[in-house]
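The structure appears below as structure tokens.
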Amino acid sequence: MPELPEVETIARGVHERLRGDQILEAWFGSHKEPFKNSPGRQAAGLEGRTILSVHRTGKHIVVELGKSGAGNLNEPTAQWIVHLGMTGRLLVTTPDAEVAPHTHARLRLKSGRELRFVDPRRFGRLEFRELSSDAAFTGPGKEPTTITPDDFAKLFRGRRLAIKAALLNQTILHGVGNIYADESLFRAGIRPKRMAGRLKRDELLRLHAAIQEVLAHAIQLGGSSVSDYVDANGVRGFFQLEHRVYLRTGQPCLVCGTPIRRILLAGRGTHYCPTCQR
DNA sequence: CATTTCACCTGGTGGC
DNA sequence: TGCCACCAGGTGAAAT
């Protein structure tokens, strides 16, 4: 479900609500899928630690954790990294709140609340990093919200794949997914199938600007709620009202009236206007 | 190495 | 109502 704007919204919400709280106990479900390292190791690492801050890197949520007693409490000694996959949610609840189906993790907090991870399709991932032995998480690719136009243009030099496939490749640029790839390419006037390495400089500059505008606007609106996305407070986003091509197959282009076309590209539904995008 | 395809999951929708 | 095909915000392993 979630791309960069949704993950950013969730990370901000969790940060605001849980900063300074302490994890007393971690409970994990029995499905193996969500765990990049074992639930036992994650529970042992999480229990007793303090939540210093929560932020986003690409599509990952990074919870910075401190340890009381030894050294400076404000210096992170561990990280809990949450990837939401297609259907993952992170929710802050009261302990008596009904436990949703497909709840895979419940962290009981000193404040009396719980942080829960719910994910029906189980494409999401949970990882614990002990910073004394593991590297700090940096994300798989470059950060689209801060990359300069020049560095952005360099990413696609010599690449022989469709620009949309390149945008979806997280090791190149992390955070853009299917919705924001389609919406950015529409706003830049570029066909999704265009070979990335053959785009002209002015096209790449338009795409860079479109991506940063779309992501910033979507973050302002709390992300896109296509079916059931909600943030850490259970609130839906509103950027779906701003979609110009995504899931608008057959409907008139809002600029020129041409019916929006849907094709399959890189295995994903891809939406574009055949008139506005060249 | 770069690129493409497909498996991994559940659930919702729409046709018959 | 049931059954089935198809679709969905994402990756990573395997194939090409």
Side-chain angles (χ1 to χ4, degrees), chain A residues 1-11 29-37 56-61 81-90 100-104 117-127 137 139-141 144 155-185 192-198 211 214-215 218-219 221-232 235-250 260-271:
Chain A
M1 99 165 78
E3 304 178 36
L4 186 153
E6 294 76 34
V7 177
E8 176 75 30
T9 302
I10 292 164
S30 52
H31 284 109
K32 62 174 167 42
E33 284 86 358
F35 302 102
K36 284 196 81 165
N37 38 32
R56 173 199 64 74
T57 297
K59 293 176 188 169
H60 292 79
I61 296 165
I81 297 141
V82 179
H83 191 288
L84 299 171
M86 290 274 261
T87 54
R89 296 185 188 190
L90 259 193
H102 310 293
T103 297
H104 305 295
F117 173 67
V118 181
D119 183 15
R121 287 178 77 177
R122 283 182 258 137
F123 289 170
R125 293 292 180 266
L126 304 173
E127 180 185 7
F137 183 77
L155 295 177
F156 304 102
R157 262 192 230 158
R159 299 226 180 235
R160 304 171 68 81
L161 76 169
I163 182 61
K164 168 147 176 190
L167 291 177
L168 293 179
N169 182 338
Q170 302 294 295
T171 66
I172 300 175
L173 191 70
H174 60 208
V176 174
N178 207 35
I179 295 177
Y180 299 101
D182 282 3
E183 292 298 319
S184 299
L185 287 166
K193 282 184 291 200
R194 290 280 302 284
M195 197 70 80
R198 297 226 174 96
I211 288 171
V214 163
L215 294 177
I219 290 168
L221 296 187
S224 300
S225 289
V226 171
S227 61
D228 60 354
Y229 158 77
V230 289
D231 69 14
V235 177
R236 290 167 59 85
F238 290 94
F239 192 74
Q240 67 278 9
L241 303 175
E242 304 292 327
H243 292 176
R244 298 186 190 167
V245 287
Y246 182 74
L247 254 36
R248 293 195 65 245
T249 311
I260 297 303
R261 205 170 278 178
R262 180 184 184 276
I263 59 172
L264 213 56
L265 199 164
R268 317 297 305 280
T270 296
H271 316 77

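As a basis for the values below, the full set of heavy atoms in this structure was taken, side chains included, without hydrogen atoms, waters or symmetry mates. Proteins come first, then strands; the chains are lettered A, B, ... in the order of their sequence lines, and each starts at number 1. Computed from a predicted structure; not experimentally measured.
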Does [X] reach the main-chain N or O of [Y] with its side chain, forming a donor-acceptor pair under 3.5 Å?
{"X": "A:Arg56", "Y": "A:Gly58", "value": "yes"}
{"X": "A:Glu6", "Y": "A:Gly222", "value": "no"}
{"X": "A:His102", "Y": "A:Ala100", "value": "no"}

As a test of reading the structure: which of [options] is closest to the side chain of [X], going by heavy atoms?
{"X": "A:Lys32", "options": "B:dC9, C:dG9, C:dC7", "result": "B:dC9"}
{"X": "A:Leu247", "options": "C:dA8, B:dC9, C:dT11", "result": "C:dA8"}
{"X": "A:Arg121", "options": "B:dC9, C:dC7, C:dT11", "result": "B:dC9"}
{"X": "A:Leu161", "options": "C:dG9, C:dT11, B:dT3", "result": "B:dT3"}
{"X": "A:His271", "options": "C:dG10, C:dA8, B:dT3", "result": "C:dA8"}
{"X": "A:His102", "options": "B:dC8, B:dT4, B:dT10", "result": "B:dT10"}
{"X": "A:Arg122", "options": "C:dG10, B:dC9, B:dT3", "result": "B:dC9"}

Q. Looking just at side-chain N and O atoms, do A:His271 and A:Asp182 make a donor-acceptor pair shorter than 3.5 Å?
A. yes
Q.
Under 4.0 Å, heavy atoms only, any strand: does A:Thr171 hit a base, just the sugar-phosphate, or nothing?
A. nothing
Q. Touch check for A:Gly177, heavy atoms < 4.0 angstrom, all strands: base, sugar-phosphate only, or nothing?
A. sugar-phosphate
Taking [M] as the reference, what is the distance to [N] when you measure between their [atom1] atoms (whole Å, please)?
{"N": "B:dC9", "M": "C:dC3", "atom1": "P", "answer": "24 Å"}
{"N": "C:dC6", "M": "B:dC6", "atom1": "P", "answer": "14 Å"}
{"N": "B:dG11", "M": "C:dG12", "atom1": "C1'", "answer": "23 Å"}

Between [atom2] of [N] and [atom1] of [X], the distance in whole Å:
{"X": "A:Arg89", "N": "C:dG9", "atom1": "CZ", "atom2": "C1'", "value": "12 Å"}
{"X": "A:Leu84", "N": "C:dT11", "atom1": "CG", "atom2": "P", "value": "10 Å"}
{"X": "A:Arg56", "N": "C:dG9", "atom1": "CZ", "atom2": "P", "value": "19 Å"}
{"X": "A:Glu33", "N": "B:dA7", "atom1": "CD", "atom2": "P", "value": "17 Å"}
{"X": "A:Gln170", "N": "C:dG12", "atom1": "CD", "atom2": "P", "value": "9 Å"}
{"X": "A:Glu183", "N": "C:dG9", "atom1": "CD", "atom2": "P", "value": "12 Å"}
{"X": "A:Leu168", "N": "C:dT11", "atom1": "CG", "atom2": "C1'", "value": "11 Å"}
{"X": "A:Arg160", "N": "B:dC1", "atom1": "CZ", "atom2": "C1'", "value": "14 Å"}

Is any side-chain N or O of [X] closer than 4.0 Å to OP1 or OP2 of [N]?
{"X": "A:His83", "N": "C:dT11", "value": "yes"}
{"X": "A:Tyr246", "N": "C:dA8", "value": "no"}
{"X": "A:Arg268", "N": "C:dG9", "value": "yes"}
{"X": "A:Arg159", "N": "B:dT3", "value": "yes"}
{"X": "A:Lys59", "N": "C:dG9", "value": "no"}

Q) Taking any strand in view, what nucleotide pairs with B:dC9 in a Watson-Crick or G-U wobble way, both distances under 3.5 Å? A) none
**Q.** Partner nucleotide, any strand, of C:dG9 [Watson-Crick/G-U, under 3.5 Å]
**A.** none
Q | For the student: nearest non-hydrogen atoms of A:Val118 and A:Thr103, plus distance | A | CG2-OG1, 3.5 Å
Q: Please work out which of the three classes, parallel, tilted or perpendicular, describes the rings of A:Phe117 and A:His104, given edges at 30° and 60°.
A: tilted
Q. With respect to A:Ser224, which candidate in A:Ile179, A:Leu241, A:Leu247 satisfies the side-chain contact (heavy atoms from CB on, under 4.5 Å) definition?
A. A:Ile179
(Q) With the criterion set at under 5.5 Å between ring centres and under 30 degrees between planes, would B:dC8 be stacked on A:Phe123? (A) yes
